[in-house]
Amino acid sequence: MTTDIKAALRALHIETPSWAYGNSGTRFKVFAQRGVPRDPYEKLADAAQVHAHTGVAPTVALHIPWDKVADYGHLAAHARELGVGIGAINSNVFQDDAYMLGSVTNPDPAVRRKALAHLLECVDIMDATGSDTLKLWFSDGTNYPGQDDIRARQDRLAEALSAVYARLGEGRRFLLEYKLFEPAFYTTDVPDWGTAYAHCLRLGPKAQVVVDTGHHAPGVNIEFIVAFLLREGKLGGFDFNSRFYADDDLMVGAADPFQLFRIMYEVVRGGGLTAGVAFMLDQCHNIEPKIPGQIRSVMNVQEATAKALLVDRDALAAAQAGGDVLGANAVLMDAYNTDVRPLLAELREETGLAPDPMAAYAKSGYFEKIAAERVGGTQAGWGA
């Protein structure tokens with residue numbers, strides 16, 4: 001059994017986001033840190049450090065226009081030289097002044113055309129970088145009753161998604177992200193997994209849902225959503241983070257590691273440990289250092305996955321079939337309470353890595369190097 005678990009863990013890939021390496025924070029303050037990248041090339045160099053020490057973070061998500069460059073083929077080649085690749089391309093139709101009343105659902109046709117042009121540009125960037133995934137999140141919605149026609153906005157959304165879908169090449173897909181609220185407070189045009197699922201179902205197999213673990217109301221059973229979408233073949237991936245109140249974008253596993261374990265068990269149970277389900281981080285590191293924050297997040301996902309793989313599924317099925325409520329729960333709790341850190345340390349050593357990625361990074365001297373070299377210029381952050 002240990003051999004099978006190790007094989008599954010070796011195949012696990014966790015994508016890190018380029019924006020996590022830049023300065024980020026809250027509406028109130030963004031705290032600048034030393035050594036923060038100044039361009040996408042330096043972001044990729046930092047991401048390569050996370051992969052070098054964990055062995056399971058081989059791709060980096062880009063955010064356009066935050067990661068805009070003149071030559072995306074050159075950027076992808078640079079990534080390969082560093083030992084990583086370009087992952088999902090994330091669109092941005094929420095920071096332009098034109099999008100105050102929405103992007104693809106805006107009542108103004110000119111604004112809708114502008115937003116769609118950007119989404120199609122992102123597909124071009126996919127082609128240039130070799131990315132197979134486009135991630136779509138829309139801040140579109142309304143703040144006041146009567147502000148706009150709710151149904152008409154869904155029609156506009158469907159029209160835009162259909163145009164993007166038609167542009168996707170073979171082996172390409174888009175993931176539609178949902179969010180309960182913010183910055184729209186009365187209605188959000190893609191507020192929940194059901195709305196995202198309905199649009200994706202109508203479009204076809206190249207449209208799937210991405211589950212951001214911070215985008216739900218308190219008490220929502222995210223593992224149920226995961227189980228349902230896996231069953232329907234519509235779970236395209238995760239944006240992993242943690243929330244205490246709303247969309248906090250804290251490190252995955254920080255707020256509720258038991259929830260992360262439950263989610264990963266449903267992934268394992270539903271056959272989701274495949275390349276078809278992308279495990280991506282979507283976090284900002286406001287007060288903690290960037291690279292160690294990503295390393296720790298990757299390790300948290302690894303630990304939750306290892307525990308999920310330890311669940312005795314035969315014993316669980318027997319308890320469930322027999323109506324043994326406490327026995328079934330005990331099977332899950334036994335796996336969750338297992339200390340998997342020695343197993344993961346052993347796995348890393350078997351693959352030529354240091355057993356403790358955090359300690360190895362601290363000893364590498366990389367932070368001291370970038371802090372000394374990255375002086376001057378404009379640090380990357382939200383909007384750059």
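Just so it is clear, the model here is predicted, and its values are computed rather than measured. When a residue number appears, it is its place in the shown sequence, counting from 1. Values below: all heavy atoms of this structure, side chains included; hydrogens, waters and symmetry mates excluded.
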**Study point:** Check against salt bridge (Lys or Arg N to Asp or Glu O under 4.0 Å), Arg348 and Asp356
**Key:** CA-CA 8 Å; Arg348 294 184 189 109; Asp356 183 347; over 6 Å; no

**Study point:** Lys/Arg-Asp/Glu bridge criterion (N-O < 4.0 Å) met for Glu350, Lys6
**Key:** yes

Exercise for review: Begin with the C-alpha distance, continue with both residues' side-chain angles, and end with the deciding distance and a verdict on ring pair (Phe, Tyr, Trp, His ring centres under 6.0 Å) for Tyr41 and His74.
Suggested key: CA-CA 10 Å; Tyr41 289 87; His74 184 268; 5.6 Å; yes

Review point. For the atom pair CZ (Arg34) and CZ (Arg374), what is the distance rounded to the nearest 0.5 Å?
Key: 12.5 Å

Review point. Looking at Asp189 and Arg156, does any basic side-chain N land under 4.0 Å from a carboxylate oxygen?
Key: no

Point to revise | Inter-residue atom distance Trp137.CH2 - Asn90.CG, 0.5 Å rounding | key: 11.5 Å

Check your understanding: Quick one: does Arg38's side chain have a donor or acceptor within less than 3.5 Å of a partner on Thr378's backbone?
Key -> no

**Study point:** Carboxylate-amine/guanidinium contact Asp239 Lys179, below 4.0 Å
**Key:** no

**Study point:** Test side chain to side chain donor-acceptor pair (under 3.5 Å) applied to Asp140 and Tyr99, step by step
**Key:** CA-CA 8 Å; Asp140 296 32; Tyr99 301 140; over 6 Å; no

**Study point:** Reported CG-to-SG distance for the pair Leu250 and Cys284, which is rounded to 0.5 angstrom
**Key:** 7.0 Å

Study note, to complete from the structure: With Val84 as partner, the option from Val60, Thr16, Thr59, Val50 fulfilling side chain to side chain contact (heavy atoms under 4.5 Å, CB included) is Val60

Practice item. Taking Glu177 for its side chain and Lys135 for its backbone only, find out whether a donor-acceptor pair lies under 3.5 Å. Key: no

Practice item. Examine the side chains of Asp282 and Asn241 and answer whether a donor and an acceptor come within less than 3.5 Å of each other. Key: no

Check your understanding: Would you say the side chain of Leu44 lies within less than 4.5 Å of the side chain of Ile86, judging by non-hydrogen atoms?
Key -> yes

Review point. Taking the six-membered ring where the residue is Trp, are the ring centres of His216 and Tyr178 under 6.0 Å apart?
Key: yes

Point to revise | Atom pair CZ (Arg262) and CG (Leu332), whose distance is rounded to the nearest 0.5 Å | key: 9.5 Å

Practice item. Indicate yes or no: does Arg112 engage Glu159 in a salt bridge with an N to O separation below 4.0 Å. Key: no

Review point. So how far is it from Gln154 CD to Thr195 OG1, rounded to the nearest 0.5 Å?
Key: 6.0 Å

